[in-house]
S.K.: 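Handing you a structure now.
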Amino acid sequence: MLYRDLLESVEYHQHTASLTLTDDWLQGRSMFGGLQAALALLAMRTLVPGEFPLRTLQFTFMAPIPPGKVCAGATELRAGKNTRHAQAVISDGRETQAMAIAVFGKARQSQIKRPIAAPKLPSEPARPFVFEEGVTPAFTRHFSASWLQGDLPFSGSDHNNALVRVAMKEAGTTSEGHLLAIADFIPPVALAKLRAPAPGSSLTWMIEILDTGFQHHPLDNWLVDAEMTAAADGYTSQSATIFAPDGSAVALSRQSMVVFG
């Protein structure tokens with residue numbers, strides 16, 4: 001199922017959003033993290049109107065979410081004049097599987113501005129990502145990507161950085177949910193350092209929206225500039241900047257991950 005169709009299939013009851021997860025949107029044995037965040041955001045949007053753009057989203061992945069019905073319930077934590085705070089919990093009715101806290105805020109007048117310049121593109125040929133059934137995560141079949149810098153997972157790389165061009169294989173423009181999917185597509189940079197396949201998963205993820213006017217951009221030609229900033233004891237820290245097709249910086253991402261290898 002296309003990502004847009006999946007988001008449009010979401011059913012709402014009071015402040016709960018639910019969808020039916022299919023196998024093609026799995027990341028290992030769990031729901032793709034970007035889709036988890038999108039579902040949580042849709043639940044929070046039942047409480048927070050669109051006039052409050054998303055500014056930050058903090059997400060904690062707690063337990064695998066298998067195929068089937070997935071539900072996210074939202075609670076408003078604070079409603080101010082210019083900002084709203086909300087929480088969403090994904091649960092199977094027995095245990096909490098994921099939790100999100102988001103801040104939504106209207107634009108404010110300020111003289112402080114510091115834009116982020118797009119990275120210089122290398123002259124070397126890009127290395128395309130190839131989906132392989134049963135080898136690469138199932139959800140990646142819905143994306144096309146190429147590595148402009150850095151290396152693909154399990155290549156024994158010496159690099160701590162990756163510059164990846166990302167597109168979703170569907171038409172249309174970029175919604176909030178699509179942006180979360182694009183931002184969460186790339187695998188941990190740490191996996192490129194391994195020489196044999198090994199599992200890895202995200203523990204926490206934080207995304208900050210720098211430009212709330214991204215909805216007019218198409219779903220192709222996005223750029224993710226990522227760096228593994230630290231690693232020890234099987235835990236890694238990764239930062240990334242997400243650039244729109246026109247080269248503008250749209251979001252900052254920060255993830256804490258575990259790598260079993």
Side-chain angles (χ1 to χ4, degrees), residues 32-34 37 53-59 110 112-131 136-137 139-140 142-170 173-194 200 202 204-231 236-257 259:
F32 167 45
L54 177 66
R55 297 292 172 175
T56 68
L57 177 70
Q58 300 176 66
F59 207 88
S110 176
I112 307 300
K113 296 185 184 297
R114 188 186 178 187
I116 299 176
K120 183 179 179 181
L121 301 182
S123 56
E124 295 84 3
R127 280 154 291 178
F129 170 83
V130 178
F131 172 75
T136 51
F139 81 92
T140 59
H142 298 287
F143 293 79
S144 60
S146 57
W147 265 243
L148 307 183
Q149 285 182 337
D151 296 297
L152 292 162
F154 316 122
S155 58
S157 174
D158 293 327
H159 297 104
N160 294 316
N161 298 78
L163 184 62
V164 184
R165 194 174 297 283
V166 180
M168 296 192 75
K169 295 180 179 178
E170 58 183 77
T173 54
T174 306
S175 68
E176 287 182 331
H178 283 94
L179 177 61
L180 295 177
I182 291 169
D184 196 42
F185 166 78
I186 70 167
V189 174
L191 293 183
K193 293 183 170 294
L194 302 178
S202 294
T204 63
W205 181 32
M206 178 174 179
I207 185 166
E208 300 177 9
I209 308 301
L210 306 176
D211 180 0
T212 60
F214 58 82
Q215 291 89 346
H216 68 283
H217 290 297
L219 292 170
D220 60 358
N221 211 31
W222 287 77
L223 201 63
V224 180
D225 188 9
E227 178 186 10
M228 187 184 74
T229 55
T236 73
S237 297
Q238 180 169 309
S239 297
T241 306
I242 296 89
F243 295 90
D246 66 356
S248 60
V250 169
L252 298 174
S253 170
R254 179 77 176 179
Q255 283 182 283
S256 174
M257 293 160 281
V259 176

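Computation of the quantities below employed the complete heavy-atom set of this structure, encompassing side-chain atoms and omitting hydrogens, waters and symmetry-equivalent molecules.
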S.K.: Treating Gln238 as the side-chain partner and Ser256 as the backbone partner, does any N or O pair qualify as donor plus acceptor under 3.5 Å?
M.R.: no
S.K.: I'd like to check the side-chain contact (heavy atoms from CB on, under 4.5 Å) partners of Ala181; sequence neighbours left out, ordered by chain and number.
M.R.: Tyr3, Phe32, Phe143, Met168
S.K.: Holding to ring pair (Phe, Tyr, Trp, His ring centres under 6.0 Å), I want the full list of residues that pass it with Trp205, two or more places apart in sequence or in another chain.
M.R.: none
S.K.: Is Leu148 close to Val164 at the side-chain level, that is, under 4.5 Å between some pair of heavy atoms?
M.R.: no
S.K.: Considering non-hydrogen atoms only, spot the tightest contact between Pro122 and Gln149 and give its length.
M.R.: CG-CG, 3.7 Å
S.K.: Within this structure, what is the OG1-CG distance for the pair Thr56 and Leu54, rounded to the nearest 0.5 Å?
M.R.: 7.0 Å
S.K.: Listed by chain and number, what are the salt bridge (charged side-chain N to carboxylate O under 4.0 Å, His left out) partners of Glu176, not counting sequence neighbours?
M.R.: Arg45
S.K.: Taking only residues two or more places apart in sequence, or in another chain, which ones meet Pro128 in a side-chain contact (heavy atoms from CB on, under 4.5 Å)?
M.R.: none
S.K.: Can you name the side-chain contact (heavy atoms from CB on, under 4.5 Å) partners of Thr140, sequence neighbours left out?
M.R.: Phe129, Phe131, Thr136, Pro137, Phe185
S.K.: For Arg165, enumerate each residue passing the side-chain hydrogen bond (donor to acceptor under 3.5 Å, both in side chains) test, keeping only those at least two apart in sequence or located in another chain.
M.R.: Asn221
S.K.: So Ile207 and Phe59, do their side chains get closer than 4.5 Å, heavy atoms only?
M.R.: no
S.K.: Do Arg55 and Thr212 touch side chain to side chain, with heavy atoms closer than 4.5 Å?
M.R.: yes
S.K.: How would you list, by chain and number, every residue that makes a side-chain hydrogen bond (donor to acceptor under 3.5 Å, both in side chains) with Arg254, sequence neighbours excluded?
M.R.: Thr229, Ser239
S.K.: Which pair of heavy atoms, one from Ala251 and one from Ile209, lies closest together, and at what distance?
M.R.: CB-CD1, 4.2 Å
S.K.: Going by the salt bridge (Lys or Arg N to Asp or Glu O under 4.0 Å) test, which pairs reach into residues 210-226, not counting sequence neighbours?
M.R.: none
S.K.: Looking at every non-hydrogen atom in both residues, tell me the closest pair between Gly247 and Ala118 and how far apart they are.
M.R.: O-CB, 3.5 Å
S.K.: Any side-chain heavy atom of Lys169 sitting closer than 4.5 Å to one from Ser144?
M.R.: yes
S.K.: For the pair Ser146 and Arg127, evaluate side-chain contact (heavy atoms from CB on, under 4.5 Å) and give the outcome as yes or no after the intermediate values.
M.R.: CA-CA 5 Å; Ser146 57; Arg127 280 154 291 178; over 6 Å; no
S.K.: Would you name the heavy atoms of Ala249 and Leu210 that are closest together and state the gap between them?
M.R.: O-CB, 3.8 Å
S.K.: Could you go step by step and tell me if Glu170 and His178 meet the side-chain hydrogen bond (donor to acceptor under 3.5 Å, both in side chains) rule?
M.R.: CA-CA 11 Å; Glu170 58 183 77; His178 283 94; 3.0 Å; yes
S.K.: Given side-chain contact (heavy atoms from CB on, under 4.5 Å), test Ile242 with Leu223 step by step and report yes or no.
M.R.: CA-CA 6 Å; Ile242 296 89; Leu223 201 63; over 6 Å; no
S.K.: With sequence neighbours excluded, tell me which residues meet side-chain hydrogen bond (donor to acceptor under 3.5 Å, both in side chains) with Ser157.
M.R.: Asp151, His159
S.K.: Starting at CG of Leu252, measure out to CD1 of Ile116 and round the result to the nearest 0.5 Å.
M.R.: 4.5 Å
S.K.: Just verifying a value: how many Å separate Thr173 OG1 and His217 NE2, rounded to the nearest 0.5 Å?
M.R.: 10.5 Å
S.K.: Sequence neighbours excluded, which residues qualify as side-chain hydrogen bond (donor to acceptor under 3.5 Å, both in side chains) partners of Glu208?
M.R.: none
S.K.: State, to 0.1 Å, how close Pro187 and Pro153 come at their nearest heavy-atom pair, and which atoms those are.
M.R.: CG-CG, 3.6 Å
S.K.: For Pro218 and Thr174, work out which heavy atoms get closest and say how close.
M.R.: O-OG1, 3.2 Å
S.K.: Any chance you could measure Leu180, atom CG, to Ser253, atom OG, to the nearest 0.5 Å?
M.R.: 10.0 Å
S.K.: Applying side-chain contact (heavy atoms from CB on, under 4.5 Å), name anything that partners Gln58, two or more places apart in sequence or on another chain.
M.R.: Met206
S.K.: In Å and rounded to the nearest 0.5 Å, what is the CD1 to CZ distance from Ile182 to Phe243?
M.R.: 14.5 Å
S.K.: Out of curiosity, Asn161 CG to Glu227 CD, how far, rounded to the nearest 0.5 Å?
M.R.: 5.0 Å
